[in-house]
2 protein chains.
Amino acid sequence: MLGNGATSVGVHPIRENTSFVLAKVCKAHRAYVGGLLAGHGLHVGQEMVLVELWQDDGLRGGELAARLRVEPPTVTKMLRRLEGCGLVERRQVPTDARSFRVHLTEKGRALEEQVVRCWAQTEETALAGLSAGERQTFRELLIRVRSNLDPEFEAE
Amino acid sequence: MLGNGATSVGVHPIRENTSFVLAKVCKAHRAYVGGLLAGHGLHVGQEMVLVELWQDDGLRGGELAARLRVEPPTVTKMLRRLEGCGLVERRQVPTDARSFRVHLTEKGRALEEQVVRCWAQTEETALAGLSAGERQTFRELLIRVRSNLDPEFEAE
DNA sequence: CGATATTAATTAGCCGGCTAATTAATATTA
DNA sequence: TAATATTAATTAGCCGGCTAATTAATATCG
């Protein structure tokens with residue numbers, strides 16, 4: 001039973017989809033990153049909030065949801081936990097009582113180097129054995145796939 | 001501020017990691033697949049159970065957990081829901097009362113074509129605009145990345 | 001054969017992420 | 001100015017996925 005990329009006899013043809021392989025990579029990647037972040041008291045996804053704030057402190061809840069491509073309740077819950085951990089704090093928007101801005105605490109800022117190292121380590125592990133050219137190609141293909149799957153997202 | 005792949009001024013350097021881009025692709029991919037599967041009454045992850053059973057009906061709980069690279073409680077909960085939906089059924093292993101095998105129902109088998117189409121559609125959307133050569137390269141790189149992140153997993 | 005160790009799966013509760021509904025505040029319209 | 005529409009965020013509860021503890025059954029050892 002051969003398709004693009006021969007598969008073993010008895011293997012379900014759905015595995016011939018490259019996006020199926022991508023899903024498996026995603027699972028492995030998330031578990032890997034999660035393990036590293038756990039060492040710093042963070043859960044997968046939470047570091048994405050911090051990255052946005054390290055870049056632009058003082059974002060509003062809805063802005064975070066939009067940047068992270070998640071639904072507002074997801075941000076609500078993550079912020080509650082991050083606030084509970086002392087990494088961020090909310091400040092009411094004076095001109096709009098419905099709204100607030102999220103600011104990093106000292107503790108939140110202090111995590112930046114460690115999280116950056118987590119991702120650098122993930123980079124090295126995930127891309128081990130890939131040449132500079134292959135890494136470049138992989139990145140470009142990922143960006144195109146991302147754009148295909150989420151056209152609304154502003155390309156990096 | 002330039003690194004490998006120039007980034008916009010003001011963008012956090014963590015985004016220069018290709019694995020960071022991969023994480024974003026994963027998020028978009030999961031949301032895309034999830035939307036399609038929802039149309040067939042399935043949640044992301046559940047179809048992975050069905051794929052294993054379409055390929056090898058009658059797997060035990062622990063075998064499913066191993067193949068899916070998830071923890072046993074994850075399989076326990078998913079099977080409870082899939083059983084509740086009437087897609088699978090458990091049968092006690094006669095020789096080991098601790099253990100059971102999971103079998104597809106007629107309803108479970110009937111979903112195969114639809115799920116295969118979901119993944120084919122994901123494939124076409126995700127890889128749109130990629131040449132055959134690029135698709136091949138992407139797949140090969142994904143397999144290598146997968147192996148790097150999860151060396152224990154048996155390569156497809 | 002009984003005690004102990006190991007195994008297979010479950011339970012409890014955490015997390016991110018979602019949908020649907022709700023609440024409170026602001027903007028718009030008549 | 002009051003009524004209505006819209007917005008910003010929250011709440012409730014679902015899902016997959018995890019860790020830690022527990023339960024029940026089997027295998028091993030003395």
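Protein chains get the first letters and strands the later ones, always in sequence-line order, with residue 1 at the start of each. All of these numbers come straight from a predicted model, not from anything done at the bench.
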J.: Could you tell me the separation between the CG atom of B/Leu64 and the C1' atom of C/dA9, rounded to a whole number of Å?
T.: 13 Å

J.: Can you find a side chain N or O atom of B/Arg30 that sits less than 4.0 Å from OP1 or OP2 on D/dC15?
T.: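 So the side chain of B/Arg30 is outside the cut-off, no N or O lying under 4.0 Å from OP1 or OP2 of D/dC15.
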
J.: Return no unless some side-chain N or O of B/Arg90 is found under 4.0 Å from OP1 or OP2 of C/dA8.
T.: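 For C/dA8, neither OP1 nor OP2 has a side-chain N or O of B/Arg90 closer than 4.0 Å.
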
J.: Could you give the NE2-to-C1' distance, from B/His29 to C/dG17, as a whole number of Å?
T.: 17 Å

J.: Give the C-alpha distance, both sets of side-chain angles, the deciding distance and a yes or no for side-chain contact (heavy atoms from CB on, under 4.5 Å) between A/Val11 and B/Gln55.
T.: CA-CA 6 Å; A/Val11 166; B/Gln55 180 175 305; 4.0 Å; yes

J.: Between D/dG17 atom P and B/His43 atom NE2, what is the distance in whole Å?
T.: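 Rounded to the whole Å, the gap is 12 Å.
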
J.: Would you kindly give the CG-to-P distance between A/Asp150 and C/dG17, to the nearest whole Å?
T.: 14 Å

J.: DNA chain C: B/Gly61 or A/Gly45, which has the more 5' nearest nucleotide?
T.: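 Closest to the 5' end, via its nearest nucleotide, is B/Gly61.
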
J.: Looking at every strand, decide which applies to B/Thr76 at a 4.0 Å heavy-atom threshold: base, sugar-phosphate, or nothing.
T.: base

J.: Using whole Å, report how far CD of B/Gln92 lies from C1' of D/dA25.
T.: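 For the pair B/Gln92 CD and D/dA25 C1', the rounded distance is 10 Å.
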
J.: Considering Watson-Crick and G-U wobble pairs with both distances under 3.5 Å, what does C/dA8 pair with?
T.: D/dT23

J.: Could you check which of D/dG17, C/dA8, C/dT10 has an atom nearest any side-chain atom of B/Arg60?
T.: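 The closest nucleotide is C/dA8.
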
J.: Return the value, rounded to whole Å, for the distance between atom CG of B/Asp96 and atom P of D/dT26.
T.: 6 Å

J.: B/Phe20 vs A/Trp119 aromatic rings, parallel, tilted or perpendicular, using cut-offs 30° and 60°?
T.: perpendicular

J.: Just the atom pairs and distances: protein N or O near nucleotides 18-24 of chain D's N or O, under 3.5 Å.
T.:
| residue | atom | partner | partner atom | Å |
| --- | --- | --- | --- | --- |
| D/dC18 | OP1 | A/Lys27 | NZ | 3.2 |
| D/dC18 | OP2 | B/Glu71 | N | 2.7 |
| D/dC18 | OP2 | B/Thr74 | OG1 | 3.3 |

J.: Only counting residues at least two apart or in another chain, list the ones meeting salt bridge (Lys or Arg N to Asp or Glu O under 4.0 Å) with A/Arg144.
T.: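 Expected list: B/Glu134.
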
J.: Side-chain N or O of A/Ser99 versus OP1/OP2 of D/dA9: is the shortest distance under 4.0 Å?
T.: yes

J.: Taking only the side-chain heavy atoms of A/Ala97 (C-beta and beyond), determine which of D/dT10, C/dT26, D/dA25 contains the nearest atom.
T.: C/dT26

J.: Kindly write out the residues that satisfy side-chain hydrogen bond (donor to acceptor under 3.5 Å, both in side chains) with A/Ser19, not counting sequence neighbours, or none if the list is empty.
T.: B/Glu123

J.: Would you check, one step at a time, whether the test side-chain contact (heavy atoms from CB on, under 4.5 Å) holds for A/Arg139 with A/Ile143?
T.: CA-CA 6 Å; A/Arg139 184 185 183 85; A/Ile143 290 172; 4.1 Å; yes

J.: Enter the distance from B/Cys85:SG to B/Gln46:CD here, rounded to the nearest 0.5 Å.
T.: 6.0 Å

J.: Flag the pair A/Asp150 and B/Lys24 as a salt bridge only when some basic side-chain nitrogen lies within less than 4.0 angstrom of an acidic carboxylate oxygen.
T.: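 No, no charged N to carboxylate O under 4.0 Å.
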
J.: Return the value, rounded to whole Å, for the distance between atom CG of B/Leu79 and atom P of D/dC15.
T.: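 The distance from CG of B/Leu79 to P of D/dC15 comes to 14 Å, rounded to the nearest Å.
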
J.: What is the distance from CE of A/Met78 to P of D/dT10, rounded to the nearest Å?
T.: 12 Å

